[in-house]
Number of protein chains: 2
Amino acid sequence: MALSDAILVCLTERPMSGYDLAKYFDTSIGFFWHATHPQIYRELKKLGQRGHVVSDEEIQSGKPNRIVYCVTDAGRQALLEWSRKPVAPAVIKDDLLVRLQAIEHIDKRALRQQITARLAAHREQLAQYHHIRDVRFSDGEPEPGDLGKLMGLELGMEYENGWINWCKNALARLEPAGD
Amino acid sequence: MALSDAILVCLTERPMSGYDLAKYFDTSIGFFWHATHPQIYRELKKLGQRGHVVSDEEIQSGKPNRIVYCVTDAGRQALLEWSRKPVAPAVIKDDLLVRLQAIEHIDKRALRQQITARLAAHREQLAQYHHIRDVRFSDGEPEPGDLGKLMGLELGMEYENGWINWCKNALARLEPAGD
DNA sequence: TACCTATATGTGTCAATACACATATACTTA
DNA sequence: TAAGTATATGTGTATTGACACATATAGGTA
């Protein structure tokens, strides 16, 4: 049920279409809660039925019309109530860590390649976070409404840095092995 | 499809029953890949049908009989093949980070309480990792088969430490606010 | 005696998620 | 000209996952 809340969170930022939301999930909130576009479109319909969002069709020529969604007062109330419920513990699902548990039964060369790829991915993600921080939060103290986003970025950076350190150590430890 | 691989990974450690696996998932591999007991029992049946595990019923008096599962050569082969496929990117799903994005529209007092609870949970998890390291890896260099487990622990510690730092900073930043 | 916990294995069912497919148009690139 | 990309909204379906319920026994506790 938390995807609906994540969508409401996005729509407090500004009214958006399903397409906008899908892109937003790919570049922003999706770092912490992933969603695909069919999921988003279906959830938007449910939110409309509950009265938490209202839609408005934007006529476009050539391209398909956009259906833009906006949070209602009831939606804002739902958001507030959700924020008072205890947070679910963070879920980690990581293939790589699972493989590590059976290190003697797997292909070690493949493992090294996978950690190398992971290292690159985490570096890229960190660079992206830095880029977002530089363009959005370059000038001193953030506005009150942006504080949470900055804090989210900072956690992301902490997370990526942790992974980068770990990958480097892991490669150093695995490299000497012959196979 | 990756739960079956996680189970195979566990069974390379030693033969286990579904009940054993469920407990193992709660205290070990489950840090990186969560599973409930009905999921595990169903998956074990599928693994049996594929010939990746064989089962052996242990007759017990009083208590229900245990069905102990053991990896076959085909299972070990499947594990090896799985280890050569590229790893799926780690999935993060975190309610708290989502809430942070709408900081102006949520209950800030509840948020502070939630971060405080999170901090305690991460400290507890870190302590648990330290405990496991102390009892399992106290004596210098680990055996080759245990290296991956130690590395997994180290990543877990890095992760928990990152969260603990972040929570402390976050509370310091949110505390001064009046509401 | 009644309840709780641990051991041990399941079924039934609903919600969440992933992923392929479907449709329509305009613009850019090879 | 053909193919690919971007815009925009969906459907259909299979897999995964969560959670309540079901059953059976032994031992400890209130």
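Here is how names work: the chains are called A, B, and so on, in the same order as the sequence lines, proteins then strands, and each is numbered from 1.
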In whole angstroms, the gap separating C1' of D:dT7 from CD of A:Gln60 amounts to 8 Å
note: A:Leu21, atom CG; D:dA8, atom P; distance rounded to Å ~ 13 Å
Original post:
Within a radius of less than 6.0 Å around CD of B:Glu124, do more than 12 heavy atoms belonging to other residues, nucleotides or ligands occur?
Top reply: no
Can you check side-chain contact (heavy atoms from CB on, under 4.5 Å) on B:His37 and B:Phe25, steps first, answer last? CA-CA 9 Å; B:His37 83 268; B:Phe25 265 84; over 6 Å; no
Phosphate OP1/OP2 of D:dG17: any A:Lys93 side-chain N/O under 4.0 Å: yes
message: Would you say CD of B:Glu143 has more than 12 non-hydrogen atoms from neighbouring residues, nucleotides or ligands within 6.0 angstrom?
response: no
Worksheet item: When you look at B:Val98 and A:Trp82, which way does the side-chain contact (heavy atoms from CB on, under 4.5 Å) test go after all the steps?
Response: CA-CA 11 Å; B:Val98 175; A:Trp82 164 69; 3.9 Å; yes
Expected list for residues 3-17 of chain A near DNA chain D, using heavy atoms below 4.0 Å, is A:Ser17
From CH2 of B:Trp33 across to C1' of D:dG17 the rounded distance in Å is 12 Å
Looking at B:Trp166 and A:Met151, would you say the former's side chain and the latter's main chain have a donor-acceptor pair under 3.5 Å? yes
Side-chain atoms of B:Pro38 come closest, of D:dT16, D:dG10, C:dT11, to C:dT11
Closest to the side chain of B:Gln39, out of D:dA8, D:dA18, D:dG12, is D:dA18
Between NE2 of B:His37 and P of C:dA8 the distance, given in whole Å, is 13 Å
Across all chains, not counting sequence neighbours, the side-chain hydrogen bond (donor to acceptor under 3.5 Å, both in side chains) partners of A:Arg84 are B:Asp107
Query raised in the report: Phosphate oxygens OP1/OP2 of C:dT9: is one of them under 4.0 Å from a side-chain N or O of B:Tyr41?
Result: yes
Here the distance between atom P of D:dG10 and atom CD of A:Glu43, to the nearest Å, is 14 Å
(message) For D:dT7 and A:Lys23 - does any side-chain N or O of the residue sit under 4.0 Å from the phosphate oxygens OP1/OP2?
(response) yes
Rounded to whole Å, CZ of B:Arg42 lies from P of D:dT15 at a distance of 14 Å
Among the nucleotides C:dA8, D:dA18, D:dG10, whichever has the atom closest to the side chain of B:Thr36 is D:dA18
Parallel, tilted or perpendicular, as decided by the 30° and 60° cut-offs, for the rings of A:Trp163 and A:His122:
parallel
note: B:Asn65, atom CG; C:dG10, atom P; distance rounded to Å ~ 11 Å
Taken to the nearest whole Å, OH/B:Tyr19 to P/D:dA26 is 16 Å
